[in-house]
**Student:** 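Take a look at this one; I'll ask things after.
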Amino acid sequence: MVGMGRASVGALLVALAVLAPAATAQTCGDELPPQLVGNYSGLACAPVWNNFVLRYAQGKDNVLRVVLSTMYSTGWVGMGFSKDGLMVGSSAMVGWMGKTGVAHIKQFSLQGKTPSQVVVDKGFLVSNDHDHTVLVQQAKIYLAFQLRFTAPLKRQNVLLAIGSAIPVNDRLSEHQDKTSIAFDFTTGSSSSASSFPEGLKRTHGALNLFAWGVLLPIGAIVARYCRRWDPLWFYLHTGIQFVGFILGLAGIVAGVSLYNKIQANVPAHRGLGIFVLVLGILQILAIFLRPNKDSKYRKFWNWYHHWVGRLVLFFAAINIVVGIKVGGAGNSWKIGYGFNLAVLLITIIALEVLLWTRWRNNSGSTAAY
């Protein structure tokens, strides 16, 4: 009997542990707080992500009424509207309860991924601040707001995020969790937003970093430090440079496609990319115009080919750094390219010392002879 009693207590505790989340989870069956019933009655409802519940309705005047609710203890909750499913370039309504118990709800323009680029009271959403409300009741937060659009919303990319720190001076801390969904305001259905732009951005970055930041520098190293193995060095050099240029060209095509899709405002990155591409094309054309070894123009061609090649690699390295920054790449990209750059520089320094040592020894032997 005692064993059965302990087993019953254990089963009860397990049942309570299972049922507790269900008792506190957000559902469309939950009633709205009385303070919101007046302006936000008759809304459609859909669970959208984790404990987030979206209630909404569109009027004939293209005004979208929204009540976003989720479980809440502290920090901030936000709902963003995006043209492409990406954070950068979108606008968001963000609400939180301040440390003194004062509710806040404001629009933010998400101009970048750092806190300084998330600008308060800016964005493309049209609203009246008097229509916005934030309530916290029974460990749940309710963001109620109204937005005016030029046409009824249909399928819309929506960002949802939550942060654990209370904003100070309207400055948002980094989100604790986030998602991007495509929500259909006509049917109430949602799905994961297309990852095509993000995947295209990674492809653009990976191809260009590998081509302009790895292969082409290796090809240049072969040309300068491996001439003793003639003609093997020449075939290695031309082969590596050709493959690197093709991959780099593919990366640029991906970048153009990405720009046409998201219209990113990155003039420095685009300008440097075009400049590097032009120099790269000139290097390729120079191969077909290379004079014979005994030509009096060969030394001028060599000067041109060597120095234009160095300019390409120099500006390509700068543009890779710029691209990592404007693309909001993570620390893995920064550490990876930094490590690659360090290895290349150490290799070049070591080979250059060996080369000068060999030249000095050869000139000394010749003079002694």
**Student:** Quick one: closest heavy-atom pair of L147 and F149, and the distance?
**Tutor:**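 In this case the closest contact between L147 and F149 is CB-CE1, 3.7 Å.
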**Student:** Can you confirm whether the side chains of H204 and N208 place a donor and an acceptor under 3.5 Å from each other?
**Tutor:** yes
**Student:** Considering all heavy atoms of both residues, which atom of Q241 and which atom of L216 are nearest to each other, and what is their separation?
**Tutor:**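 So the minimum-distance heavy-atom pair works out to OE1-O, 3.3 Å.
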**Student:** Please check if the side chain of R148 supplies one atom and the backbone of V126 the other of a donor-acceptor pair under 3.5 Å.
**Tutor:** no
**Student:** For the side chain of R65 and the backbone of N39, is there at least one donor-acceptor N/O pair under 3.5 Å apart?
**Tutor:**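 Between the backbone of N39 and the side chain of R65 there is a qualifying donor-acceptor contact (under 3.5 Å).
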**Student:** Can you list every side-chain hydrogen bond (donor to acceptor under 3.5 Å, both in side chains) pair that touches residues 324-341, not counting sequence neighbours?
**Tutor:** none
**Student:** If only atom types and distance count, is the side chain of S90 paired as donor or acceptor with the main-chain N or O of M87 below 3.5 Å?
**Tutor:** yes
**Student:** Between V77 and F52, is a side chain to side chain contact (heavy atoms under 4.5 Å, CB included) present by the stated rule, with each step listed?
**Tutor:** CA-CA 10 Å; V77 172; F52 279 70; 3.6 Å; yes
**Student:** Parallel, tilted or perpendicular for W359 and W356, by the 30°/60° rule?
**Tutor:**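 Ring orientation of W359 relative to W356: perpendicular.
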**Student:** Any chance you could measure I105, atom CD1, to L68, atom CG, to the nearest 0.5 Å?
**Tutor:**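 Answer for the CD1-CG pair, I105 versus L68, is 9.0 Å.
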**Student:** I'd like to check R171 versus S116 (side-chain heavy atoms, cut-off strictly below 4.5 Å). Are they in contact?
**Tutor:**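 Yes - at least one pair of side-chain heavy atoms lies under 4.5 Å apart.
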**Student:** From L36 CG over to S41 OG, what is the distance, rounded to the nearest 0.5 angstrom?
**Tutor:** 10.5 Å
**Student:** Between Y56 and F183, is the ring-ring contact (aromatic ring centres under 6.0 Å, His included) condition met? List the steps.
**Tutor:** CA-CA 11 Å; Y56 62 96; F183 189 81; 5.2 Å; yes
**Student:** Side-chain heavy atoms under 4.5 angstrom apart, residues restricted to Ile, Leu, Val, Met, Phe, Trp, Tyr: same cluster for F185 and V63?
**Tutor:** no
**Student:** Tell me whether W229 is reachable from I218 by hopping between hydrophobic residues (I, L, V, M, F, W, Y) whose side-chain heavy atoms are closer than 4.5 Å.
**Tutor:**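 Yes, I218 and W229 fall within the same hydrophobic cluster.
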**Student:** Taking all non-hydrogen atoms of both residues into account, name the closest pair between G248 and A211 and its distance.
**Tutor:** N-CB, 3.3 Å
**Student:** Are L285 and L249 linked, directly or through other ILVMFWY residues, by side chains that come within less than 4.5 angstrom of each other?
**Tutor:**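 Shared cluster, yes.
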**Student:** Please confirm whether K83 makes a cation-pi placement over F124, using NZ or CZ under 6.0 Å from the six-membered ring centre and within 45° of the ring normal.
**Tutor:**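 Ring-cation test returns yes.
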**Student:** Pairing donors with acceptors under 3.5 angstrom, does anything connect the side chains of T114 and Q117?
**Tutor:** yes
**Student:** Using side-chain heavy atoms (C-beta onward) and a distance below 4.5 Å, is W233 in contact with R227?
**Tutor:**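 In short, these two side chains touch, coming nearer than 4.5 Å.
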**Student:** Measure the CD1-CD1 distance between I240 and I221 for me, rounded to the nearest 0.5 Å.
**Tutor:** 9.5 Å
**Student:** Step through the shown structure and confirm whether more than 12 heavy atoms of other residues, nucleotides or ligands are within 6.0 Å of CZ on F242.
**Tutor:** no
**Student:** I'd like to check the side-chain contact (heavy atoms from CB on, under 4.5 Å) partners of A103; sequence neighbours left out, ordered by chain and number.
**Tutor:** M97, V134
**Student:** Would you mind reporting whether Y304 and L282 have side-chain heavy atoms less than 4.5 Å apart?
**Tutor:** yes
**Student:** Residues in ring pair (Phe, Tyr, Trp, His ring centres under 6.0 Å) with F210, at least two apart?
**Tutor:** none
**Student:** Decide yes or no on side chain to side chain contact (heavy atoms under 4.5 Å, CB included) for N319 and F315, but give the supporting numbers first.
**Tutor:** CA-CA 6 Å; N319 205 29; F315 284 105; over 6 Å; no
**Student:** Work out which heavy atom in L159 is nearest to a heavy atom in L86; give both atom names and the distance.
**Tutor:** CD1-O, 3.9 Å
**Student:** So, Q58 side chain and L153 main chain: donor-acceptor pair closer than 3.5 Å or not?
**Tutor:**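 It does hold such a pair.
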**Student:** Are the side chains of Y142 and P33 in contact, using a 4.5 Å heavy-atom criterion?
**Tutor:** yes
**Student:** Can you tell me how far OH of Y225 sits from CZ of R358, rounded to the nearest 0.5 angstrom?
**Tutor:**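 R358 CZ to Y225 OH: 10.5 Å, rounded to 0.5 Å.
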**Student:** Would you check if S69 and R55 make a side-chain contact, meaning some heavy-atom pair closer than 4.5 Å?
**Tutor:**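 A side-chain contact exists here, since the closest heavy-atom pair is under 4.5 Å.
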**Student:** Could you check whether any side-chain N or O of H305 sits under 3.5 Å from a backbone N or O of W301, counting only pairs where one atom can act as donor and the other as acceptor?
**Tutor:** no
**Student:** Name every donor-acceptor pair, under 3.5 Å, that has one atom in a side chain of residues 271-280 and the other anywhere in the protein, sequence neighbours excluded.
**Tutor:**
none

**Student:** Does the side chain of C28 come within less than 4.5 Å of V53's, by heavy atoms?
**Tutor:** yes
**Student:** Enumerate the side-chain hydrogen bond (donor to acceptor under 3.5 Å, both in side chains) contacts for residues 97-108, please, sequence neighbours excluded, ordered by first and then second residue.
**Tutor:**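 Checked against side-chain hydrogen bond (donor to acceptor under 3.5 Å, both in side chains) - neighbours excluded - no pair reaches residues 97-108.
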**Student:** On a heavy-atom basis, which atom in F145 and which in H132 lie closest, and how many Å separate them?
**Tutor:**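 Distance-wise, the nearest heavy atoms are CB-ND1, 3.3 Å.
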**Student:** Let me check something: do F339 and L209 share a hydrophobic cluster, defined by ILVMFWY side-chain heavy atoms less than 4.5 Å apart, either directly or through other members?
**Tutor:**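 No, separate clusters.
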**Student:** So, the side chain of T357 versus the backbone of V353: is there a donor-acceptor pair under 3.5 Å, distance only?
**Tutor:**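 Pair found, side chain donor or acceptor close to backbone of V353.
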**Student:** Run the side chain to side chain contact (heavy atoms under 4.5 Å, CB included) test on N50 and D177 for me, step by step, so that the C-alpha distance in whole Å, both residues' side-chain angles and the decisive distance to 0.1 Å come before the verdict.
**Tutor:** CA-CA 10 Å; N50 289 350; D177 201 2; 3.7 Å; yes
**Student:** Below 4.5 Å, heavy atoms only, C-beta onward: do S173 and W76 meet side chain to side chain?
**Tutor:** yes
**Student:** Do F245 and V312 make a side-chain contact, defined as non-hydrogen atoms from C-beta onward lying under 4.5 Å apart?
**Tutor:**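 Heavy-atom side-chain distance check fails, nothing below 4.5 Å.
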**Student:** With no hydrogens and no angle check, is any side-chain donor or acceptor of D184 less than 3.5 Å from a backbone partner on T186?
**Tutor:** yes
**Student:** Working to the nearest 0.5 angstrom, can you tell me the gap between I287 CD1 and T238 OG1?
**Tutor:** 7.0 Å
**Student:** Using 0.5 Å steps for rounding, measure from the CG atom of L54 to the OG1 atom of T70.
**Tutor:** 11.5 Å
**Student:** By the definition side-chain contact (heavy atoms from CB on, under 4.5 Å), identify the one residue from D121, L125, V118 that meets it with F108.
**Tutor:** V118
**Student:** Please say yes or no: joined through hydrophobic side-chain contacts below 4.5 Å, possibly via intermediate residues, are V94 and I181 part of one cluster?
**Tutor:**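 The answer is yes; both residues are in one hydrophobic cluster.
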**Student:** Between Q156 and S82, is there a donor-acceptor pair closer than 3.5 Å when you use the side chain of the first and the backbone of the second?
**Tutor:** yes
**Student:** Tell me whether S257 contacts the main-chain N or O of V253 through its side chain, where contact means a donor paired with an acceptor under 3.5 Å.
**Tutor:**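 Pair absent, no side-chain N/O of S257 close to backbone of V253.
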**Student:** Residues two or more places apart in sequence or in another chain: which of them pass salt bridge (charged side-chain N to carboxylate O under 4.0 Å, His left out) with R224?
**Tutor:**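 Per chain and number, R224 pairs via salt bridge (charged side-chain N to carboxylate O under 4.0 Å, His left out) with E352.
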**Student:** Show the numbers, then the answer: is there a side chain to side chain contact (heavy atoms under 4.5 Å, CB included) between W96 and V136?
**Tutor:** CA-CA 9 Å; W96 66 92; V136 175; over 6 Å; no
**Student:** Has Y297 got more than 12 heavy atoms of other residues, nucleotides or ligands less than 6.0 Å from its OH?
**Tutor:**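 No, the 6.0 Å shell around OH holds no more than 12 heavy atoms from other groups.
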**Student:** What pair of heavy atoms forms the shortest contact from N157 to A182, and how long is it?
**Tutor:**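 Closest pair (atom of N157, atom of A182, distance): OD1-CB, 4.0 Å.
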**Student:** Can a donor-acceptor pair be found, under 3.5 Å and without considering hydrogens, that links the side chain of R290 to the backbone of A286?
**Tutor:** no
